[in-house]
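These notes are about the structure you will find just below.
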Amino acid sequence: MILPRRFYERDTLVVARELLGKLLVHETAEGTTVGKIVEAEAYIGPEDKASHAYNNRRTSRTEVQFGPKGHAYVYQIYGMYYCFDATSGPILGKPEAVLIRALEPKDGIALMIKRRGLANNQTANLTNGPSRLCMAMGITKKLNGTDLCRPPLYIEDCKPVGEEDIVKTKRVNVEYAGRWTRVPWRFFIKDNKFVSKP
DNA sequence: TGCACGATTCTCT
DNA sequence: GAGAATCGTGCAA
């Protein structure tokens, strides 16, 4: 079952935690790729200085975060990579989102390897990073703003991950965010070898 | 119009 | 562990 809109229309910290274990699916002409979400981070603007929408910064880039929940927020970073978020939160118009940081490859692995430009049979480092998973899944800026509640890009429900198997840490590479640097808003599945870093 | 910089990754040491 | 790659975005002017 595709996760319904109401899944995303809740507290973003809860959404980030519960996205762990779900299946991200992308159907394309090249084929379908599927990965289990094993790592995610919450970005809760406008108060969160690490968020692109900090202080209600509303621009063409951040516009999607102000729109309906359960949509894809895809942006380019460092001039050459993409990152993928799901918009979330209980209040329409309040910019919040969950960054998907790592996947465990489940289906379409040969296609993922091809898109990543890796040698055959090399499955290490396929989707263990926010931009790596975008490359492997074929996620580009064209998908910015698309609805995650229907194909071609959507998230399938799956068995919940137990609280005892979830690790919380501070977020990665947001050293510029003052006190928001240290909040424990990064969630990943304990002992899963596909997370971006322990 | 100009310019500093980033929710990263890869390579070389 | 350090440095390069590489350019859209955001803000100052």
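Both backbone and side-chain heavy atoms feed into the values below; hydrogens, waters and symmetry mates do not.
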> How would you list, by chain and number, every residue that makes a ring-ring contact (aromatic ring centres under 6.0 Å, His included) with A/Phe7, sequence neighbours excluded?
Replying inline: none

>> So, taking the atom named CZ in A/Arg17 and the one named OG1 in A/Thr12, what distance separates them when rounded to the nearest 0.5 Å?
In response: 12.0 Å

> Nearest 0.5 Å, what's the CZ-CG distance between A/Arg116 and A/Asn125?
Replying inline: 7.0 Å

> Can the ring centres of A/Tyr82 and A/Phe84 be said to be less than 6.0 Å apart?
Replying inline: no

> Across all strands shown, which nucleotide pairs with C/dT6 by Watson-Crick or G-U wobble geometry, both distances under 3.5 Å?
Replying inline: none

> At under 4.0 Å between heavy atoms, what does A/Gln65 touch on the DNA or RNA strands: base, sugar-phosphate, or nothing?
Replying inline: base

>> Does A/Arg186 reach a base, just sugar-phosphate, or nothing at all? Heavy atoms under 4.0 Å.
In response: nothing

> How long is the span from the OH atom in A/Tyr176 to the OG1 atom in A/Thr181, to the nearest 0.5 Å?
Replying inline: 8.0 Å

> Which one is paired to B/dA7, where only Watson-Crick or G-U wobble pairs with both distances under 3.5 angstrom count?
Replying inline: none

>> Just the rounded figure in Å: distance from C1' of C/dG8 to CG of A/Asn144.
In response: 13 Å

> How are the rings of A/His52 and A/Tyr75 set relative to one another: parallel (under 30°), tilted (30 to 60°) or perpendicular (over 60°)?
Replying inline: perpendicular

> What is the nucleic acid contact for A/Asp85, judged by heavy atoms within less than 4.0 Å: base, sugar-phosphate only, or nothing?
Replying inline: base

> Quick one: which of A/Lys168, A/Arg101, A/Lys170 gives a salt bridge (charged side-chain N to carboxylate O under 4.0 Å, His left out) with A/Glu41?
Replying inline: A/Arg101

>> Rounded at 0.5 Å granularity, tell me how far CD in A/Glu47 sits from CD in A/Glu96.
In response: 7.0 Å

Check nucleotides 9-13 of chain C for protein N or O atoms closer than 3.5 Å to its own N or O atoms and list the pairs.
from	atom 1	to	atom 2	distance (Å)
C/dT9	OP1	A/Lys141	NZ	2.6
C/dT9	O3'	A/Arg61	NE	3.4
C/dG10	OP1	A/Thr59	OG1	2.5
C/dG10	OP1	A/Arg61	NE	3.2
C/dG10	OP2	A/Thr59	OG1	3.0
C/dC11	OP1	A/Arg57	NH1	3.2

> Could you give the start and end, 5' to 3', of the contact zone on DNA chain B for chain A, using atoms under 4.0 Å from its heavy atoms?
Replying inline: B/dG6 to B/dC10

